[in-house]
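Chain naming here is simple, since letters A, B, ... match the order of the sequence lines and numbering starts at 1 in each.
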Number of protein chains: 2
Amino acid sequence: MLAQAATASHFPGNTLTGHSFAGRDRLGDLGRMPASFAPEQPHQVAFYEANQEIYAQGEEAKALYQVEYGVVRLYRLLADGRRQISAFHVAGEVFGFEADGRHHFFAEAVCGAGIRVFRQPAGEGTWRQTLSAALEALVRAQEHLLVIGRQNAAERVAAFLLDMRKRQGGERQIELPMSRTDIGDYLGLTIETVSRMLSKLKSSGIIRLTNARVVEVLDEAALEALCE
Amino acid sequence: MLAQAATASHFPGNTLTGHSFAGRDRLGDLGRMPASFAPEQPHQVAFYEANQEIYAQGEEAKALYQVEYGVVRLYRLLADGRRQISAFHVAGEVFGFEADGRHHFFAEAVCGAGIRVFRQPAGEGTWRQTLSAALEALVRAQEHLLVIGRQNAAERVAAFLLDMRKRQGGERQIELPMSRTDIGDYLGLTIETVSRMLSKLKSSGIIRLTNARVVEVLDEAALEALCE
DNA sequence: CGTGGGGTTGATGGAATTCAATTGCTGTGG
DNA sequence: CCACAGCAATTGAATTCCATCAACCCCACG
């Protein structure tokens, strides 16, 4: 089940993206977590290729995962194939905890990703750490509910860009490791709508599309105003 | 900040609703939690009237809350007043945990509700219990993301009815303690759309509307088929 | 009996989806 | 180096679904 280190030479997606989250310079909002989760535990780092499955819905949950570099998506499917990505996870973030020992979601690497795997996190301080990470994820999910449930397409895309920006350290230059399909499935929109909204932001002078996967924020205030 | 026991004679909403969740006959999905959360701790039960605030966004989080009876809504607001209810909580469920010591949401009683308040849950087994409850909430929120992000109005209402049914023990008769406005703000729809979808389910012979707040499921299979 | 809030129903407009065509990018092979 | 294939992204036109606006109904309550 664990990924064997793939051919590291063939780094999927644009290499820019592959590097953007590397180096653990950014722990996201998990500053309260130790740099290494449960450091007293022996653990392994696995490399996952772009689009490689980390775990599947229904599988037994027997480990916790921390992103070393790269990006991971968690998602769920409807019977007819409609997909909802509930979260993207970047370097430093922990995912994979489940309430009842079974995974309720799929986890896949968005781009080449290094994942630290913690089996049986039974250490004593670990409960507290896991709780902290779970609460982060909970707040994120609940805030995302507001975006999806009550904001229109333009606001969703703006919120997404600002979120990605914050998680990448607040630079003007934002890298989008994921495809438009991923963004759409995260925001509850179609790829066409995502594209249209990005074009609109661009023609409004709020952002610049260096290329399809790199966005530069020109008017931060306007972008934030969009999210109300 | 704590609610004083309100005039218990004036039970808000229909009294039916007030009773429906009482008696702790149903713990929702928290079966793994002890009947009394952290029982070794001294704690108090507060009564909240319908629509009474339990805590507000931005407030310091200094307690955990367990619903004894009644229903609670957690929600967040946009600047222009749009509201997203991220969760309803019924008897047995725990809410109020926050990642950084501040509440990120509002909590209000939907109808008259008894809430057990746990201050400083520092007990040792408590971490594990809290984690369990937080993970429940996380799975719920993420599953709700799928409903809101990828299902249409009819599917959302059907999913809502099935969820309420499950949480009330699976009876054919479902009570809806919350207003159409609450349901709409939970499902990311307007009250008109919620009403229309309920009418459609009714005219399709899938449900019966005993009255505005009581639904009887006539064709369970059809209802489940709607959620795909 | 009148009043008011919650709920339902109808008509209309608009935002996002769907379907379709085109462009742009990346990697491959001649 | 250029041509081409294949995929991702963009753009346009038509359609659909839901929100909006508005009228009305239903009851609980004074």
Side-chain angles (χ1 to χ4, degrees), chain A residues 7 9-18 50-51 78 80-84 110-111 147-158 175-203 207-215 226, chain B residues 9-18 50-51 78 80-84 110-111 147-157 176-185 187-203 207-215 226:
Chain A
T7 54
S9 57
H10 171 254
F11 213 85
N14 49 38
T15 51
L16 195 57
T17 293
N51 302 314
L78 287 172
D80 61 0
R82 282 176 289 177
R83 183 179 71 154
Q84 177 65 41
V110 168
C111 53
V147 173
I148 284 189
R150 285 304 181 201
Q151 302 203 168
N152 62 32
E155 293 168 332
R156 295 186 206 188
V157 171
E175 286 163 27
L176 305 179
M178 64 291 286
S179 68
R180 296 289 187 270
T181 303
D182 279 345
I183 299 176
D185 284 350
Y186 178 65
L187 296 177
L189 300 171
T190 60
I191 58 176
E192 293 96 330
T193 301
V194 171
S195 184
R196 270 185 257 272
M197 294 303 128
L198 286 172
S199 298
K200 210 174 73 175
L201 288 174
K202 174 179 157 194
S203 64
I207 64 169
R208 201 173 78 85
L209 283 168
T210 309
N211 64 57
R213 301 285 183 113
V214 178
V215 175
L226 263 181
Chain B
S9 57
H10 171 253
F11 213 83
N14 50 35
T15 51
L16 195 56
T17 291
N51 301 314
L78 287 171
D80 61 0
R82 282 175 288 178
R83 183 178 72 155
Q84 177 65 43
V110 168
C111 54
V147 174
I148 282 188
R150 285 301 178 204
Q151 303 204 167
N152 62 31
E155 292 168 333
R156 295 186 206 188
V157 171
L176 306 178
M178 64 290 288
S179 68
R180 296 291 187 267
T181 303
D182 279 344
I183 298 175
D185 285 351
L187 297 177
L189 300 170
T190 60
I191 58 175
E192 293 96 330
T193 300
V194 171
S195 184
R196 268 186 258 273
M197 293 304 127
L198 286 172
S199 297
K200 211 174 72 174
L201 288 175
K202 174 179 155 194
S203 65
I207 64 170
R208 202 173 76 87
L209 283 167
T210 309
N211 64 58
R213 301 285 183 113
V214 178
V215 174
L226 263 181

Trainee: R150(A) or T193(A): which one's nearest nucleotide on DNA chain D is closer to the 5' end?
Mentor: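 By nearest-heavy-atom nucleotide position, the 5'-most residue is T193(A).
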
Trainee: If I take atom CG from residue N152(B) and atom CZ from residue R156(B), how far apart are they, to the nearest 0.5 angstrom?
Mentor: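 Going from the CG atom of N152(B) to the CZ atom of R156(B) covers 7.5 Å.
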
Trainee: Test your reading of the model: is there a side-chain donor-acceptor pair from R180(A) to the backbone of A212(A), 3.5 Å cut-off?
Mentor: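 Yes; at least one donor-acceptor contact below 3.5 Å.
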
Trainee: In this structure, how many angstroms lie between the P atom of dT18(C) and the CZ atom of R82(A), rounded?
Mentor: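 Computing the R82(A):CZ to dT18(C):P distance gives 9 Å.
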
Trainee: Provide, to the nearest angstrom, the distance between the CE atom belonging to M178(A) and the P atom belonging to dA9(D).
Mentor: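 Computing the M178(A):CE to dA9(D):P distance gives 11 Å.
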
Trainee: Rounded to whole Å, please give me the gap between CG in L198(B) and P in dC18(D).
Mentor: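 The distance from CG of L198(B) to P of dC18(D) comes to 14 Å, rounded to the nearest Å.
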
Trainee: Check the distance between dT10(D)'s P and I191(A)'s CD1 and give it to me in whole angstrom.
Mentor: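 Nearest whole value for this atom pair: 9 Å.
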
Trainee: Decide side-chain contact (heavy atoms from CB on, under 4.5 Å) for N51(A) and V110(A); before the verdict, give the C-alpha distance in whole Å, the side-chain angles of both, and the deciding distance to 0.1 Å.
Mentor: CA-CA 5 Å; N51(A) 302 314; V110(A) 168; over 6 Å; no

Trainee: Measure from the side-chain heavy atoms of L209(B) and tell me the nearest of dA9(D), dT8(C), dA16(C).
Mentor: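 Of dA9(D), dT8(C), dA16(C), dT8(C) is nearest to the side chain of L209(B).
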
Trainee: What nucleotide, of dA16(C), dT8(C), dA9(D), holds the atom closest to the side chain of A153(A)?
Mentor: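 Side chain of A153(A) sits closest to dA16(C).
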
Trainee: Do R150(A) and L78(B) come close enough that some side-chain heavy atom pair is under 4.5 Å?
Mentor: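 The answer is yes; the side chains approach within 4.5 Å.
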
Trainee: Which one, dT20(D), dA9(D), dG6(C), comes nearest to the side chain of R196(B)?
Mentor: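 Of the candidates, dT20(D) comes closest.
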
Trainee: Nearest-Å distance, CZ (R83(A)) to P (dT17(C))?
Mentor: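 About 15 Å, once rounded to whole Å.
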
Trainee: When you measure from the side chain of Q151(A) to the backbone N and O of I148(A), does any donor-acceptor pair fall under 3.5 Å?
Mentor: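 Side chain of Q151(A) to backbone of I148(A): no pair is present.
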
Trainee: Checking contacts here: which listed nucleotide (dT11(D), dT8(C), dT20(D)) is nearest the side-chain heavy atoms of S199(B)?
Mentor: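 Among the listed nucleotides, the one closest to the side chain of S199(B) is dT8(C).
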
Trainee: Rounded to whole Å, please give me the gap between NZ in K202(A) and P in dG24(C).
Mentor: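 Computing the K202(A):NZ to dG24(C):P distance gives 10 Å.
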
Trainee: Give the nucleotide from the list dG10(C), dT18(C), dC18(D) with an atom nearest to the side chain of E192(A).
Mentor: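 The listed nucleotide nearest to E192(A)'s side chain is dT18(C).
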
Trainee: Would you mind reading off the distance between I183(A) atom CD1 and dA9(D) atom P, rounded to a whole angstrom?
Mentor: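 After rounding, the gap between these two atoms is 8 Å.
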
Trainee: Would you indicate what G188(A) reaches in the nucleic acid, counting non-hydrogen atoms under 4.0 angstrom: base, sugar-phosphate, or nothing?
Mentor: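 Sugar-phosphate, no base atom in range.
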
Trainee: Has R213(A) got a side-chain N or O lying under 4.0 Å from the OP1 or OP2 atom of dA9(D)?
Mentor: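 For dA9(D), OP1/OP2 do have a side-chain N/O of R213(A) under 4.0 Å.
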
Trainee: Given atom CE of M197(B) and atom C1' of dT8(C), what is their separation to the nearest angstrom?
Mentor: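 Roughly 13 Å, once rounded to whole Å.
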
Trainee: To the side chain of T190(B), which of dA19(D), dA16(C), dT10(D) is closest?
Mentor: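 From the listed options, dA19(D) comes nearest.
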
Trainee: With sugar-phosphate meaning primed atoms plus P, OP1 and OP2, does L189(A) contact a base, only sugar-phosphate, or nothing at under 4.0 Å between heavy atoms?
Mentor: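 Sugar-phosphate, no base atom in range.
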
